[in-house]
Amino acid sequence: MARFAEPMARLIEELRKLPGIGTKSAQRLAFHILRSSTTDAEALSKAILQLKASLRLCSRCNNITDVDPCAICSSPTRNQRLVCVVEEPTNIGAIEKTRTWNGVFHVLHGTLSPVNGIGPEQLRTTNLFNRLSDIEEVILALSPTVEGEATSHYLAQEIHKLAPALPVTRIATGVPAGSDIEYADEITLSRALDNRRQL
Amino acid sequence: MTTHQTEAIVLRTWPFEEADLLVSLFTREQGVVKGVARHAMRSRKRFGGALEPMTHVRATYAEKPKQDLVRMDSFEIVWSPMSEPVDYARVAALQFLAEVLGEALPERAVEDDVFRLTVATLSEVKVGQTWMPVTYFTLWMTRLMGWLPELGACIVCAEALRGHPVWFAAGADGVTCGVHKRPGSVALPPEAVALAERMLRRPLAELLKEPSGKTGPLAMVRRFAVEILERNLERQMRSARVLARL
């Protein structure tokens, strides 16, 4: 006998495809939707459909947007000559939370990963390389992973080929604020020591 | 529950359930084991950068009887690929090593020779120095897995091939002389055969002193070894295609 009625099982299965959602969470969400009002359920389904219908990539930075160029690229208060390169649109939120960044972004939508079939031609870099003459500095904010490092290396190399005088920097890596040095792994700690700064 | 502590190489990780990672680990004492690193996606406290593919670690994991997946408890880094600069060629080479190991080694089969070969190769894969270590590793893998054909004699007529080109075909066993070459065969010139023989006799550190590049005899030996691997694995390796295009 089936554990859930067919529509419920189907919703659980669909929710389970979402990142970070396991079977139990999918069941909880499905039952929450079932218990919620028809209006709420309709609003949720409409919001999902609208998201797919109205959102696209910004032609300048590849961020997900409903207007082109996106709100960040068209903002007059931002320094359009400072570009922070990130892997995914979600990384923009993390950097914006710092409230210290007033430049713009460029989203690659991935990092170099030969085993997953992502090579230089799969990265969304054309619109970045096309606007290098309008940029003062490129800051690479990619994950400190093997693939992130390889992508940073590739971008720095390509940018230097196209605009040799353009400074390319990358964000520092080190011990997270509020953490304990005891818990930092060897690589993080050795990088933190290598990149120490004078007080 | 049995707890193991052993040297290991992280081959690959996949997101698993809500915040966990499924880890494929090539251990020295138990061969390839798969297990779950709980909360590894949310918290870096326990594993830090130790879950990066091709990191050499001292792993502690627990195993319950009749369960396929072990519980990864903690990894201490012995050597990390992040300890040196990484470019596209190096990441492709490291992923090639991981792909070969992941495909060629059966689960829970102890392969100490392969483990030692991997550790010896890993630290030599550097920016601007990828081709010799990758070729050395590939050729030795074919030998350690028992797939490397005898290069000194034709498999059809048993004629000695020393000093002559050796012909091999991706779809057939052994190597042949020019007379008995099979359709689609590719020649391995005498200098490439000599290099392959040197690779099987000398340590990698010594071979690294020889001039090497992505073309010439080294590339021929690599292509030969990759074709043997792919023939025996019965699949094409994605990272090998990437390396070939570099």
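The analysis underlying the following values was restricted to heavy atoms, covering all of them including side chains, and did not include hydrogens, waters or symmetry mates. Proteins get letters first, then strands, A, B, ... in listed order; numbering begins at 1 in each.
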Q.
Testing the basics here: between A:I187 and B:M82, what is the closest heavy-atom pair and its distance to 0.1 Å?
A. CG2-CB, 3.9 Å
Q: Give the minimum heavy-atom separation between B:Y88 and A:G119, together with the two atoms involved.
A: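 Looking at all heavy atoms of both residues, the closest pair is OH-CA, 3.3 Å.
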So what's closer than 4.5 Å to chain B heavy atoms on [X]: side chain, backbone, both or neither?
X: A:R16; answer: neither
X: A:T188; answer: neither
X: A:T151; answer: neither
X: A:I118; answer: backbone

Q) For B:R235, does the CZ atom have more than 12 heavy-atom neighbours from other residues, nucleotides or ligands under 6.0 Å away? A)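 Yes - once you tally the heavy atoms of other residues, nucleotides and ligands closer than 6.0 Å, there are more than 12.
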Q: Give a yes or no answer on whether the side chain of A:D185 reaches the backbone of B:G49 with a donor-acceptor pair at less than 3.5 Å.
A: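 Side chain of A:D185 to backbone of B:G49, a donor-acceptor pair under 3.5 Å: yes, one is there.
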Q: Mind checking salt bridge (charged side-chain N to carboxylate O under 4.0 Å, His left out) for A:E186 and listing every partner two or more places apart, or none if nothing turns up?
A: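 A:E186: no salt bridge (charged side-chain N to carboxylate O under 4.0 Å, His left out) contacts found.
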Select one option (side chain, backbone, both, neither) describing which atoms of [X] are under 4.5 Å from chain A's heavy atoms.
X: B:V86; answer: both
X: B:R12; answer: side chain
X: B:A92; answer: both

Q. What residue in B:V242, B:L243, B:D87 has the most heavy-atom pairs under 4.5 Å with chain A?
A.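 Answer, by heavy-atom pair count under 4.5 Å with chain A: B:D87.
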Q. Do you know which of A:V115, A:D180, A:D194, A:N116 has the most heavy-atom pairs under 4.5 Å to chain B?
A. A:V115
Q: Against chain B, work out which of A:T145, A:L112, A:L18, A:I21 has the most heavy-atom pairs shorter than 4.5 Å and name it.
A: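 Winner by heavy-atom pair count: A:T145.
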Q | Residue list, side-chain hydrogen bond (donor to acceptor under 3.5 Å, both in side chains) with A:S75, at least two apart or on another chain | A | A:T77
